[in-house]
**Student:** 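The structure follows.
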Number of protein chains: 2
Amino acid sequence: MSDVAKAAGVSAMTVSNVLNGHPHVSEETRRRVTEAVERLGYRMNVAARNLRSGTTGVIGLAIPDIDQPYYGRLASLVIAEAARRGYRVAVEQTGASREGEAQAVANSRLRTYDGLIIATVELGDEDAAAVFAGFPVVALGERISEASVDHVGMANFEGTRDATLHLVERGCRRIAAIGGRIEGETGAATLRTAGYLAALDEAGLPRDDALLVPCPFNLAGGVAAVRQLAADGVPFDGLMCLTDSMALGALRGLADLGRSAPGDALVTGFDDVPQAAYAVPSLTTVAPGHAEMVTTALELLTERMAGRRAEDEARNVTGPHRLIIRESTGG
Amino acid sequence: MSDVAKAAGVSAMTVSNVLNGHPHVSEETRRRVTEAVERLGYRMNVAARNLRSGTTGVIGLAIPDIDQPYYGRLASLVIAEAARRGYRVAVEQTGASREGEAQAVANSRLRTYDGLIIATVELGDEDAAAVFAGFPVVALGERISEASVDHVGMANFEGTRDATLHLVERGCRRIAAIGGRIEGETGAATLRTAGYLAALDEAGLPRDDALLVPCPFNLAGGVAAVRQLAADGVPFDGLMCLTDSMALGALRGLADLGRSAPGDALVTGFDDVPQAAYAVPSLTTVAPGHAEMVTTALELLTERMAGRRAEDEARNVTGPHRLIIRESTGG
DNA sequence: TTGTATGCGTTATCAC
DNA sequence: GTGATAACGCATACAA
């Protein structure tokens, strides 16, 4: 920087002012400095600026695994929206483990990031308060209702309720909840299961715990769940899957049994991943407003980073949702 | 840090030495310092360390769009492998545009990153030399054969050749190349098309340019390509798709015509994305050795970052590949 | 409008 | 084996 200053016949400070677009710089000086910067190919040293300013211009994004359509979509939106606001995004994969999530938060606290967006799966209320205190964090999508953490959630309960009622309307009487789980910490899994149960209740259908099939939240899980239903001889005419990945797996599982949707059973998913519209059959699913959620999350995070909101003034926003009806439930 | 030094009754320098695991520190001192660090909850300031060392511990990863299964998979592997080596990864989305890719490189040069892995789509040889000079960069997967840039590619030509020959063996005589393109700059598209043409030649099948169907490299592209073949009345009994996404789209496109694989036409893809194994029908595809490619790429990049290789000594590695035969070509 | 002095937190160097 | 000093490159505060 001092080289540039010399070349332009000014002080380093003036160069800094020009580069940061400060107002009180004469047009002539600005021009000379800019020219010198160009000529010398000068680039500002970001590390020094970070040290001095205490910021990094980087937002951390902690997600279980970016190699899952749902998180890939989320990451894509976060990166784009952050770029629009002048931030870059570092992605941390937590592997959906408590340690991984804690590690991601720890990294943030090293002041490597100015803020953190975390898609929590395992980290619960008890951890939250201790771990998040005093750092700009927004939880996205899943667990954590801790009052001290900003949270952008989705309509887990309402979504599966809508999906289940839709299946009932289409004539299903024995609807399995693929991935369904009642016990365990409150989170996407239990909330979505609750929505399913509420819908059954509303529709006057009996609850049968044999139709609750817990399984991993991925393609293989969906396949395994359907296989297990068949192996256990549990009859079903609808599959309300807790995620699209599981639903796509379930379609595959049906095929393995020589059955298919919507002929032998109706199938719904949750997330509206890109593949859902292109599967054979295309997948009826609950579409959460991903874009809105991400926009809101970054809104909240930048507010926090700017210190524009008090520490204990946490907000809890729920995104919009809507049911998209496709071939897997008869179109 | 000086607080810790005071608490442990030593100098800041000694604290630094302990934290960095330097050898010449007495056991007793090390213990006292470690204890003080724990007690005060001290975390090192990364920005200061970066300023001093001239590194950031961050690797940039520039890809077209992380919301595509193939790039998601790549990103997942890169992040994991980088973490193993003590680096974090910042993801830049280039939107597969020349400007986006140039921009990503420019960002890296701001010394925000220690090195850059870039999945080039548009940036060609002519840009490469100028833009990459003097910065540790590894190109991954697609274009760029510039001798001055390290490059980890995949067996584009051999892969589609194998896939096409497989289709011929299974009885196909009119094989369409979905996404196929002869003109344009050398890259994955043209190389894969070349492999297809070579296989036809080897098999003694005539080439018919009506069977070359250029289209966007995504799900929608695959659907559109099949629709166009049908609209043009071009008969076909095999679809050699240049990527899995296009193949999954093609399966959907067949369904829209009331046809399906492998009954009405055999279908192959390229990439072996997770969904390929779970589609109905499951997809025969060329599996490039993603993991090996990423490991090699990080190997090359860390070498460059350590300055262990001369500027003009570029390496060009091609990953392994193998054909995975599934239901879409008869199992 | 521009310049000077100072410090951000760490570590390389060299003396002790 | 340990500590004093300086420097990494920039930006805040204030003086000119």
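Below, chain A is the first sequence line, B the second, and so on; all start at residue 1.
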**Student:** Which pairs with one or both residues in residues 65-83 of chain A pass salt bridge (Lys or Arg N to Asp or Glu O under 4.0 Å), sequence neighbours excluded?
**Tutor:** D67(A)-R73(B), R73(A)-D67(B), E81(A)-R84(A), E81(A)-R85(A)

**Student:** Where the side chain of L51(B) is defined as all heavy atoms beyond and including C-beta, which of dG3(D), dG9(D), dT10(C) is the nearest nucleotide?
**Tutor:** dG9(D)

**Student:** Check this for me, if you would: do R31(B) and E35(B) make a salt bridge, where the nitrogen-to-carboxylate-oxygen distance has to be below 4.0 angstrom?
**Tutor:** no

**Student:** Are any side-chain N or O atoms of E303(A) and backbone N or O atoms of R309(A), one a donor and one an acceptor, separated by less than 3.5 Å?
**Tutor:** no

**Student:** From CZ of R30(A) over to C1' of dT2(C), roughly how many Å is that when rounded to an integer?
**Tutor:** 13 Å

**Student:** What is the distance, rounded to the nearest whole Å, between atom NZ of K6(B) and atom P of dT2(D)?
**Tutor:** 19 Å

**Student:** Take I117(A) and L298(A), measure what side chain to side chain contact (heavy atoms under 4.5 Å, CB included) needs, and give me the verdict at the end.
**Tutor:** CA-CA 8 Å; I117(A) 296 182; L298(A) 268 128; 4.1 Å; yes

**Student:** Is the shortest side-chain N/O distance from S11(B) to OP1 or OP2 of dT2(D) below 4.0 Å?
**Tutor:** no

**Student:** Checking contacts here: which listed nucleotide (dT10(C), dG3(C), dT2(C)) is nearest the side-chain heavy atoms of Y42(B)?
**Tutor:** dT10(C)

**Student:** Between D3(A) and Y42(A), is the side chain to side chain contact (heavy atoms under 4.5 Å, CB included) condition met? List the steps.
**Tutor:** CA-CA 9 Å; D3(A) 293 350; Y42(A) 168 76; over 6 Å; no

**Student:** Sequence neighbours left out, what passes side-chain hydrogen bond (donor to acceptor under 3.5 Å, both in side chains) with T296(B)? Give chain and number order.
**Tutor:** none

**Student:** Between T29(B) and dT2(D), does any side-chain N or O lie under 4.0 Å from OP1 or OP2?
**Tutor:** yes

**Student:** Check nucleotides 11-15 of chain C against the protein and report each pair of N or O atoms closer than 3.5 Å, with its distance, or say if there are none.
**Tutor:**
| unit_1 | atom_1 | unit_2 | atom_2 | d |
| --- | --- | --- | --- | --- |
| dT11(C) | OP1 | N20(B) | ND2 | 3.3 |
| dT11(C) | OP2 | S16(B) | OG | 2.6 |
| dT11(C) | OP2 | N20(B) | ND2 | 3.4 |
| dT11(C) | O2 | R52(B) | NH1 | 3.2 |
| dA12(C) | O4' | R52(B) | NH2 | 3.3 |

**Student:** Has S26(B) got a side-chain N or O lying under 4.0 Å from the OP1 or OP2 atom of dG1(D)?
**Tutor:** no

